[in-house]
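Written out below as structure tokens is the structure these notes cover.
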Amino acid sequence: MKATERHKLIDRINTLEGLTDDERSALLGLLRESKTYGLVWEDKPEDVEERLRNELPVLIEDKERALTDAGPDAPNHILIEGDNLEALTTLAYTHAGKIDVIYIDPPYNTGNKDFVYNDSYVDGEDSYRHSKWLSFMSRRLQIAKKLLSERGVIFISIDDNEQANLKILCDEIFGFNNCVGTIPTVMNLKGNQAEYGFAGTHEYTMVYTRNKTSCILGNLIAPDEELDSWQEDEIGYFKKGATLKRTGTDAPRTSRPYGYFPILIRDTDLSVSLISEDEYKHIYDPSNKSFDDDYIDYLCVKYKKSGYYIVLPIVNGQKCSWRWGFNTVRTNLNEIIVSSVGNEFSLYKKQRPELGDVPSKKPKSILYKAQYSSGNGTSQLKELSLAGLFNNPKPIDLIIDLLRIGNCKYSNILDFFAGSGTTLHAVMQLNAEDGGKRQCILCTNNENGICENVTYERNKRVIHGYTKPNGEYVEGLHDNNLRYYRTDFVGRERSMRNMHRLVNLSTDMLCIKENLYTEQPEMGGVKTHPQIFRFFDDGKKQMLIIYREEYIEEIVGIIEKMNVENPIKVYVFSPSDDPASDLFEPVADKVAPTALPAAIYNTYKRILPKRKSQPLDIESEKDTLALGEDSGFGGLFDSTQNDKEGRI
């Protein structure tokens, strides 16, 4: 449609009688869509999405399942039981911009009872099979993008059934420029002979970043057959890296004058040394921007007589500069490799492994190791005495390597299609290998008891230790905590009752958000009260949650008497988005207050589907505001009514 025709039609819709405001808005929205390239599919609503139109999700901890013997300094891993759209919504509040690596293994939509949509399997004959899958994935990936940090990366396992669709969808969500690649990943080297035409050996790992300019991907451990290309010294492994001579447009010494000086090579053992600092300072005169080449000739003669070869950064007859300055060379003499042909010398940097003491290499555009075999994932579950409880689990070695590529030694990892829990197992194993402090979040439903009986049970055994079916005992990865949560719900209307209930039920979410779980029975010598205020302090940071706003002044009096090194994070109930700033004025330097539930509402408003229009109950007009409306809280509630409202 031409632009002029579109504008005429817009004018007609705006003046057309008999349409409700919602109908008029929907028609105009459809007309203004101007997509010229990308995916178009029939959006199919989910039951869970419809529920979220009327209810807000929260997380409630099952404390009986908490594994916390490792103490407050150990990584706190999180397992969330519930629909992953609900779980992702809560994480949009607790972890927006905080996730560095996401790995997911979503349903492949093969039409063979692997994809459930609204409690029903989607079979191969469903004419909306692909639309349902795209609707399902789009909602979740949109939130996943909000969770990724600026340096964050997402890995998605997929096969040919939806690979092409997923690629275009991810281009739209994450941006084409943030695509790292669609990497064939060999899972069955022998090939699946049951497939038509070709014996399938691989699936794909799709890789996108939040911002490619901020993301630094890591290397993989070099295979044993490549160790011959590495050497060892007293520090560890190394191999020949880049030449020490600078190349490129800024290589000439006129561009880098302080990078032009002689490096000395002792003729007896080819060890590297330098001229003195005073001699170095005589080479270049910054006042007139000139080099004293006669003095350099003198130094060459002097040190040659003392048993040294002299190397200058000269490239094709042009006087250039070293990549390292004088002081850097002086402190890294043992990090230089000397290569010689006769009396001609070349200097190179020692390239050290990027993965600690282990030789490493850039991953190739095809991922393959024998350990990636899909059969290994099944065998690993069998070793945990969980055989037959989950089909096609991913092998630990593949996830460990993806974590290494994600370059995430001290960061947050998320898997919201957690399945058997391989990702957490891999995180704990890798932490044990390299001393990392990665923390992992898993999300999965409890269909057929998967969350309780497989995901949780697997990682409980990994932490505590277990005995294989053959009788061999495997020591536990004890330096890990695991906390178990379920999704719960609060009515979406902003009534005083719902607002108080939301704040009360959000305590566990706040602990997750602040990564602070150590609750204290007292604050400033005063006993806490779970219906008024709770206080958390792990010796490094502090969090205060105030559920009853009428007690703020008394609590401020307690804080005034406390010695506070760093501001206490305070979450305070407020019917508006103002966290009672005036009441906290006497302790403004000791607290960092945030109003609840406004902070949660503001996050959910950007995530959740809009509520459907409902008739307004005049009697509750003064204490109700529907989430998604543009107006704020101010002036809607008479504070004298607060004590009359029910509180949970």
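Positions are given from 1 along the sequence.
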Salt-bridge contact Asp126-Lys132 (side-chain N to carboxylate O under 4.0 Å): yes
Residue of the set Asn112, Thr110, Asp105 for which side-chain hydrogen bond (donor to acceptor under 3.5 Å, both in side chains) holds with Tyr108: Asp105
Validation row: Ser506, Tyr93 side chains within 4.5 angstrom (heavy atoms): no
Spatial distance of atom OG (Ser374) from atom NZ (Lys394) [nearest 0.5 Å]: 8.0 Å
Pro75 vs Asn481 side-chain heavy atoms within contact, under 4.5 Å: no
Single hit among Ile80, Thr68, Leu79 for side chain to side chain contact (heavy atoms under 4.5 Å, CB included) with Arg483: Thr68
Atom of Glu452, atom of Arg486 and distance for their closest heavy-atom approach: OE2-NH2, 3.1 Å
Pairing of Lys540 and Asp73 as salt bridge, 4.0 angstrom limit: yes
Ionic contact status for Lys409 with Asp100, cut-off 4.0 Å: no
Residue pairs involving residues 400-442 (criterion ring-ring contact (aromatic ring centres under 6.0 Å, His included); sequence neighbours excluded): Phe136-Phe417
Salt-bridge contact Glu162-Lys167 (side-chain N to carboxylate O under 4.0 Å): no
Asp508 and Lys513 ion-paired at < 4.0 Å: no
Student check: side-chain heavy atoms of Leu59 and Thr487 closer than 4.5 Å: yes
